[in-house]
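Here is the structure we will look at, set down as structure tokens.
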Amino acid sequence: MLDRILLSRFRNHRDTAVEGTAQFNLLVGENGAGKTNVLEAISLLAPGRGLRRAALADMPGQAFDGGFAVSAALAVPGGEPVRLGTGVLPERPSRRLVQINGAEAPAVRLAEWFSIGWLTPAMDRLFMDSAGGRRRFLDRLVLAVRPDHAAQASRLENAVRERNRLLSDVRPPDPHWLDAIELQIAESGAAVAGARADLILRLDAALAALPDSPFARPSLAYRPGGPVQADALAVALHDGRPRDRAAQRTLTGPHRDELDVTMAGKNQPAAECSTGEQKAMLIAITLAHSQLLEGGGEDRPRLLLLDEVAAHLDPVRREALFDRLRAGSAQIWLTGTETTPFEAILSEASVWEVSSGSVRRL
Ligand SMILES: Nc1ncnc2c1ncn2[C@@H]1O[C@H](COP(=O)(O)OP(=O)(O)OP(=O)(O)O)[C@@H](O)[C@H]1O
């Protein structure tokens with residue numbers, strides 16, 4: 001469980017403390033008050049760019065002096081709380097700093113302590129937008145079961161970027177340097193592809209086993225962007241050099257993977273389903289993933305950030321969502337403009353009112 005969350009000079013929060021958290025945590029306030037900013041701050045305590053995928057330069061509060069800091073205490077079973085922090089210093093605004101228990105650490109190490117998932121209004125288009133968003137979504141699901149996935153995925157991304165740079169250079173690339181880069185892509189790529197394929201298989205089985213649910217049930221399939229075995233991927237990269245040089249980018253590999261989602265029963269691609277059906281499928285995936293984690297002996301604490309999710313569900317689906325979440329062990333963060341949709345959990349939730357970048361416990 002995350003507690004004592006401090007936001008300093010983060011977006012419209014000058015100095016915000018969120019303390020006394022529970023399993024259900026509710027942030028209420030009018031539009032633009034700063035609720036999502038709190039969730040975004042929490043999401044930055046995990047590897048990656050957070051739930052808005054914003055640039056670091058957008059995060060320091062415009063009204064303040066530059067730089068920002070976010071920190072929180074994470075309760076861990078049988079030990080002292082772990083202090084996690086991130087931010088940027090005013091004098092080095094482009095460098096993200098991460099601290100774990102006061103010591104500087106690479107961001108990927110945050111994944112060792114807890115896992116996090118989120119659903120935000122921006123994800124309403126997840127099935128319709130480009131494949132990159134679905135890969136990132138998938139990678140967050142994988143990260144919850146494999147803390148080393150962030151490091152592998154970032155190794156892959158860097159190696160692909162370097163190969164693309166070599167291929168688009170006007171000078172012919174040094175073949176030995178290409179060999180070395182392709183070896184890195186093959187090794188990290190096979191690890192990334194294997195982890196994604198494995199998770200999708202397990203998640204699809206968990207979805208099929210979900211007890212009667214009012215949420216549309218998706219079925220998931222992995223469509224690899226290239227050979228999934230390291231040796232075969234290395235050969236494909238080597239053989240594809242002339243083609244990739246002409247295209248000035250790497251056309252095969254897990255950086256081109258797809259997560260195919262169809263609505264079970266209807267056999268309809270998710271992108272062609274109604275907005276409500278798409279949202280329901282995202283919720284079903286989130287719930288099945290939570291169930292997978294509960295059953296898989298995963299003991300890292302889990303957080304789920306649900307931005308403006310509950311208010312958009314009808315009462316039956318909302319109750320079903322709360323029931324499922326209550327049965328799990330994840331700490332849940334919800335936002336809304338009023339408390340009415342949250343009646344069913346109010347007595348057990350910690351509730352904060354957010355207003356113009358400040359937070360008051362109700
Ligand atoms: N870097 C920044 N500095 C200062 N204010 C910022 C910064 N970035 C965003 N904001 C402000 O934060 C507010 C948006 O906050 P947030 O998205 O958390 O609102 P919200 O409470 O979730 O609203 P809604 O209910 O509309 O989703 C806006 O007023 C915006 O101008």
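Remember, it's 1-based here, ligands and their atoms both numbered in the order they're listed.
Looking at Thr16, its side chain never comes within 3.5 Å of a backbone N or O of Ser358 through a donor-acceptor pair.
Nearest protein heavy-atom neighbour of atom 25 (O) of ligand 1: Lys35 NZ, 2.8 Å. Scanning the protein for heavy atoms near atom 1 (N) of ligand 1, the closest one is Asp58 O, 2.9 Å. Regarding atom 3 (N) of ligand 1, its nearest protein heavy-atom neighbour is Gln62 N, 2.9 Å. At the shortest separation from atom 23 (O) of ligand 1 among protein heavy atoms lies Gly32 N, 2.7 Å.
A salt bridge between Arg361 and Glu353 is absent, with no side-chain N of the basic residue lying under 4.0 Å from a carboxylate O of the acidic one.
Residue Thr335 does not touch ligand 1, judged by heavy-atom distances below 4.0 Å. Contact annotation: for Pro60 versus ligand 1, heavy atoms closer than 4.0 Å belong to the backbone alone.
Between the side chains of Arg161 and Asn158, at least one donor-acceptor pair of N or O atoms lies under 3.5 Å. Residues Thr262 and Gln268 have side chains that never bring a donor and an acceptor to within less than 3.5 angstrom of each other. Residues Arg302 and Ser290 bring no donor and acceptor atom of their side chains to less than 3.5 Å of each other. Side-chain N/O atoms of Asp15 and Ser8 include no donor and acceptor closer than 3.5 Å.
Taking each of Arg52, Glu308, Arg9 in turn, the one with a heavy atom nearest to atom 17 (O) of ligand 1 proves to be Arg52. Residue nearest to atom 7 (C) of ligand 1, selected from Glu40, Arg14, Arg11: Arg11 (by heavy-atom distance). Of the listed options Asn12, Asn31, Leu27, Thr36, Thr36 places a heavy atom closest to atom 22 (O) of ligand 1. One option in Thr120, Val28, Asn37 has a heavy atom closer to atom 18 (O) of ligand 1 than any other, and that option is Asn37.
Here the shortest heavy-atom pairing between Glu294 and Ser329 reads OE2-N, 2.7 Å. Taking every heavy atom of both residues into account, Lys35 and Thr335 meet most closely at CB-CG2, 3.9 Å. In terms of heavy-atom proximity, Glu162 sits nearest to Ile181 at CG-CD1, 3.4 Å.
Under a cutoff of 6.0 Å and an axis angle of 45°, Arg300 and Trp113 do not form a cation-pi pair.
The nearest protein heavy atom to atom 30 (C) of ligand 1 is not closer than 4.0 Å.
Within the 4.0 Å heavy-atom shell around ligand 1 one does not find His13. For Gly34, the closest heavy-atom approach to ligand 1 falls below 4.0 Å.
Polar contact with ligand 1: present for Ala33 (N/O pair, distance under 3.5 Å). The shortest N or O to N or O distance between Asp307 and ligand 1 is not under 3.5 Å. For the pair Gly61 and ligand 1, the shortest N or O to N or O distance does not fall below 3.5 Å. Looking at ligand 1, you won't find any N or O of Thr337 less than 3.5 Å from one of its N or O atoms.
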Residues 186-200 side chain polar contacts: donor-acceptor under 3.5 Å, at least two apart:
residue, atom, partner, partner atom, Å
Ser188, OG, Gln184, O, 2.7
Arg196, NE, Asp139, OD1, 2.8
Arg196, NH1, Pro254, O, 2.8
Arg196, NH1, Asp257, OD2, 2.9
Arg196, NH2, Asp139, OD1, 3.4
Arg196, NH2, Asp139, OD2, 2.9
Asp198, OD2, Arg146, NH2, 3.4

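Contact atoms of ligand 1 toward Glu30: 21 (O) (distance under 4.0 Å to a heavy atom of the residue).
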